[in-house]
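Reviewing the structure listed below.
Residue numbering restarts at 1 for every chain, and letters A, B, ... go by the order of the sequence lines.
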Amino acid sequence: GESVGLHLPTLSVQEGDNSIINCAYSNSASDYFIWYKQESGKGPQFIIDIRSNMDKRQGQRVTVLLNKTVKHLSLQIAATQPGDSAVYFCAEMRGGADGLTFGKGTHLIIQP
Amino acid sequence: GAVVSQHPSWVICKSGTSVKIECRSLDFQATTMFWYRQFPKQSLMLMATSNEGSKATYEQGVEKDKFLINHASLTLSTLTVTSAHPEDSSFYICSAPPWQVGNSNQPQHFGDGTRLSIL
């Protein structure tokens, strides 16, 4: 299940199950959204992105859904594996040459 | 492609010391780079935008005299934490978008961060 800790929410799933990580973004003017995976002690690693003119995009084992009406983004990971354990961040960009605004992050834990 | 390298990966130093962190784009030129800070179990916060050939742009609340940024070349940006104190201890991460090679739809790629610990 999903719980909210002091800083990072945690999502615990069984190996082989599908994971859904949610994110609420803040700026209705944002037009580009990215999901990153961060392992301990490392920088964020790109997973998948989506532009505001789309509502769904699929990659290998991952799908991103965008709902601009409620400013909500989700990342679906199919057949979760132990190597998927990490902290996942959504990020939004206003466009042009701006830096990214990151969401709070979700710690995904894979149970054997 | 689009690899970003950061150095050093880990620094421990005494309070009052100034520390320089380097961020390099290895296989592309970056006229823009970004610096982020991340405290334990928290998200990344944008500190500043590093611009080659011009002054850096700082986010609200970030002291420009405390965090000096120099975009020395098209492949190198440096962040210097001046007169560092324990509250500056954090994980500093840089990123560079490969926009300069015409890929405006490409995401930013991040370095592996620098863990700064001030005693």
Side-chain angles (χ1 to χ4, degrees), chain A residues 3-10 21-27 30-54 57 59 62 64 73 75 86-109, chain B residues 1-7 9-10 21 23 30-52 54 56-60 62 69 71 77 90-100 103-117:
Chain A
S3 64
V4 176
L6 184 62
H7 295 293
L8 280 178
T10 298
I21 301 171
N22 297 302
C23 175
Y25 64 91
S26 58
N27 191 341
S30 295
D31 61 0
Y32 181 48
F33 304 89
I34 312 169
W35 279 100
Y36 285 97
K37 171 185 180 183
Q38 187 179 31
E39 295 174 307
S40 181
K42 294 188 176 181
Q45 176 186 357
F46 170 80
I47 300 174
I48 192 169
D49 58 359
I50 188 168
R51 295 222 164 254
S52 58
N53 60 354
M54 303 174 67
R57 191 166 187 221
V62 294
V64 55
L73 201 62
L75 175 70
V87 178
Y88 290 80
F89 293 98
C90 66
E92 60 184 297
M93 192 163 74
R94 294 184 294 269
D98 289 339
L100 294 170
T101 299
F102 281 81
K104 291 183 179 180
T106 297
H107 187 189
L108 179 64
I109 297 174
Chain B
V3 176
V4 176
S5 174
Q6 207 170 324
H7 178 81
S9 57
W10 187 41
I21 302 169
C23 180
T31 57
T32 302
M33 292 185 180
F34 300 96
W35 287 96
Y36 296 81
R37 180 168 53 182
Q38 185 179 30
F39 291 108
K41 297 190 184 301
Q42 295 189 26
S43 188
L44 285 78
M45 294 295 292
L46 178 66
M47 297 175 66
T49 302
S50 175
N51 304 300
E52 194 273 337
S54 64
T57 306
Y58 291 83
E59 295 299 301
Q60 190 174 8
V62 178
I69 291 173
H71 204 124
S77 174
S90 188
F91 193 48
Y92 292 88
I93 312 171
C94 70
S95 75
W99 298 326
Q100 290 74 211
N103 296 326
S104 60
N105 293 325
Q106 294 300 308
Q108 294 181 24
H109 292 268
F110 286 81
D112 266 342
T114 297
R115 176 76 57 194
L116 177 61
S117 297

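- At a 4.5 Å heavy-atom cutoff, the contact between Q38(B) and chain A is made by side-chain atoms alone.
- Residue Q45(A): no heavy atom, backbone or side chain, is found under 4.5 Å from chain B.
- A cation-pi arrangement, defined by a distance under 6.0 Å to the six-membered ring centre and an angle within 45 degrees of its axis, is absent between R37(B) and Y92(B).
- Every side-chain contact (heavy atoms from CB on, under 4.5 Å) that S52(A) has, sequence neighbours left out, goes to D31(A), F33(A), K68(A).
- For chain A, the nearby parts of L44(B) are the backbone and the side chain; heavy atoms of each come within less than 4.5 Å.
- In this structure, Y36(A) and F110(B) have perpendicular ring planes: the angle between them is above 60°, well past the 30° mark.
- In this structure, SG in C90(A) is found 12.5 Å from CD1 in I50(A), a value given to the nearest 0.5 Å.
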